Amino acid sequence: MVATQSFLTLPELRRAAKRSLPPEVWDYVSGGAESETTLRRNRRALQHYQFRPRVLRDVHDIDLSTSFLGIPLRLPVMIAPMGSMYLVHPEGDVALARAAAQVGSVHWLSTMTHSAPEDVAAAAEGRVIFQLYFRGDNAWAEELIRRIEAAGFRALALTVDSAMYGRRERDLERRYDPRGVGNRVLNVPLDRGLRQTKLSWADVEWLKKTTHLPLILKGIQCAEDARLAAEHEVAAVYVSNHGGRQLDHAPASIEILAECVEAVAGRAEVIVDSGFQRGTDVLKALALGARAVCVGKLAAWGLGAAGAEGAARTLEILATELRVAMANCGVRRLTELTPALVRRVCDCR
Ligand SMILES: Cc1cc2nc3c(=O)[nH]c(=O)nc-3n(C[C@H](O)[C@H](O)[C@H](O)COP(=O)(O)O)c2cc1C
């Protein structure tokens, strides 16, 4: 057992994960599609936003709390859905769920899990959302939805950026298939998403009719689709390019966030992910209108470094970074945030 309090920075956790994970698992977690342009752009684009800090505002008491779809959050950060987490740590999603509960966050469970949804919901103390890859037929999806409703999941997120599985060349060149036994837990057809190539807005309507859970669309990447999502009355729009793992040369999430927030115009909650690895990154997204930010790789690295404790420590350090950034920007509450806090610049040195 690693003494997780000994981790003081996020890069330390990342380095510990890289040391302890097999190289092929590290690459599965950390890589992106094709030339990894989207992967890199997600990080680079964040550097193009600088703060416009305010001073002399009494920032002694900083409050990071908010909520997402009625779930109270002690920090505006959640754990993004990630498949095959058992490769990173034997406890996989159960460990991530425990970490989320410990810090007052939410864990999103991927369809590609190896853990029983009921165990994950219990470990998360109800702080769980289910991510759906629509791979089987409607009867398969309906059976799965009934199961996750009964297990106490709070919302259902349909991933819409994965019509076809992205070509992740790190995995391909290793002849490495990370799917393993993960998919079999929920009887996911291993067709590499044939059903997903046929998804349309009609399926969104079908899902809305089929579940009483709030519906989220994960993987929205432009204002037009954000507007359509709002018109279809989804509960939340999740701006994401899948952490650079799907379409290469996609826009960075931070660059399209504001246009999506504007298009939704308050009709749904808007959250974002892809490339967020620092408290300052989170603060930029919140200033540009996101209600919360999800982290994928960062949480997986924490899990790889020290299991549930490592993932929890990751979220704690992120919260500390956010608190310091808010104080030094003159912000006490998330409700005070507006786009006036950030300015986009060309020169990011
Ligand atoms: C190892 C790994 C597995 C993932 N698996 C899924 C998945 O099963 N379903 C899904 O919707 N997104 C999946 N994603 C994408 C994440 O939900 C999220 O969009 C992305 O990781 C955010 O970018 P970040 O890693 O830069 O934080 C996965 C990401 C990673 C890193």
Side-chain angles (χ1 to χ4, degrees), residues 10 14 17 21-22 24-33 36 38-46 77-89 92-93 96 106-115 117 120 129-135 155-163 165-166 168 170-171 176-180 182-183 185-186 188 190 192-193 196 199 216-221 237-247 250 252-254 257 271-278 281-282 285 290 292-304 311 314-315 318:
L10 294 169
R14 181 180 188 274
L21 292 176
E24 65 278 12
V25 175
W26 170 262
D27 272 349
Y28 160 64
V29 169
S30 310
E36 300 193 335
T38 309
L39 181 81
R40 283 190 302 276
R41 180 174 289 153
N42 281 332
R43 295 290 309 138
R44 281 196 191 146
L46 278 158
V77 178
M78 300 182 278
I79 302 177
M82 290 178 285
S84 305
M85 282 296 102
Y86 74 100
L87 295 169
V88 176
H89 188 275
D93 282 297
L96 289 172
V106 164
H107 177 49
W108 294 54
L109 181 66
S110 163
T111 304
M112 298 301 169
T113 184
H114 80 299
S115 306
V120 176
I129 290 174
F130 189 82
Q131 175 268 326
L132 178 67
Y133 274 136
F134 210 138
R135 292 233 165 150
L156 178 71
L158 175 67
T159 293
V160 293
D161 59 15
S162 303
Y165 191 79
R168 317 214 178 123
R170 298 195 202 193
D171 299 344
Y176 179 66
D177 187 345
R179 294 175 306 171
N183 308 16
V185 176
L186 296 176
V188 184
L190 294 176
R192 278 286 191 226
Q196 289 184 177
L199 282 183
I216 302 159
L217 295 186
K218 175 176 186 286
I220 297 293
Q221 295 172 76
V237 168
Y238 188 155
V239 176
S240 170
N241 57 39
H242 219 108
R245 302 164 73 83
Q246 282 297 115
L247 177 66
S253 286
I254 194 74
L257 177 60
I271 58 172
V272 66
D273 77 15
S274 297
F276 296 85
Q277 295 178 9
R278 290 291 192 172
D281 299 339
V282 173
V293 172
C294 289
V295 290
K297 288 183 275 293
L298 199 65
W301 293 331
L303 179 69
T314 297
L315 294 175
L318 202 52

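Since we're looking at a predicted model, the values are computed, not measured. Computed from heavy atoms alone, side chains included, the values below leave out hydrogens, waters and symmetry copies. Counting starts at 1 for both ligands and their atoms, following the listed order.
Under 4.0 angstrom from ligand 1, the non-hydrogen atoms of Gln131 all belong to its side chain.
Using modelled atom types, one finds no donor on one side chain facing an acceptor on the other under 3.5 Å when comparing Gln196 with Ser162. Between the side chains of Thr38 and Asn241, not a single donor N or O lies within less than 3.5 Å of an accepting N or O.
In terms of polar-atom proximity, Lys218 is counted as a contact of ligand 1, with an N or O under 3.5 Å from an N or O of the ligand. Residue Met112 has no N or O atom closer than 3.5 Å to an N or O atom of ligand 1. Residue Tyr238 has no nitrogen or oxygen atom sitting less than 3.5 Å from a nitrogen or oxygen atom of ligand 1, judged on distance alone. The distance criterion of under 3.5 Å between nitrogen or oxygen atoms is not met by Arg245 with respect to ligand 1.
Both tests hold for Arg245 against Tyr28: distance to the six-membered ring centre under 6.0 Å, angle to the ring axis within 45°.
Distance OG1/Thr111 to CZ/Arg135: 8.5 Å, rounded to 0.5 Å.
Looking from atom 11 (O) of ligand 1 to the surrounding protein, the closest heavy atom is Thr159 OG1, 2.7 Å. The closest protein non-hydrogen atom to atom 26 (O) of ligand 1 is Gly275 N, 2.8 Å. The protein heavy atom nearest to atom 8 (O) of ligand 1 is Ser110 OG, 2.7 Å. Nearest protein heavy-atom neighbour of atom 7 (C) of ligand 1: Tyr133 OH, 3.2 Å. Protein heavy atom closest to atom 5 (N) of ligand 1, with residue, atom name and distance, is Gly83 N, 2.9 Å. Looking only at protein heavy atoms, the nearest one to atom 21 (O) of ligand 1 is Gly296 CA, 3.5 Å.
Counting heavy atoms only, Pro81 comes closest to atom 16 (C) of ligand 1 of the residues Pro81, Ser30, Gly243. The closest non-hydrogen atom to atom 18 (C) of ligand 1, taken over Asp273, Thr111, Val88, comes from Asp273.
Taking the six-membered ring where the residue is Trp, Tyr86 and His114 present tilted rings, their angle falling between 30° and 60°.
Residue Ser240 places a heavy atom less than 4.0 Å from ligand 1.
No donor-acceptor pair closer than 3.5 Å links the side chain of Ser253 to the backbone N or O of Ser274. With hydrogens and angles disregarded, no donor-acceptor distance shorter than 3.5 Å links the side chain of Lys218 to the backbone of Gln131.
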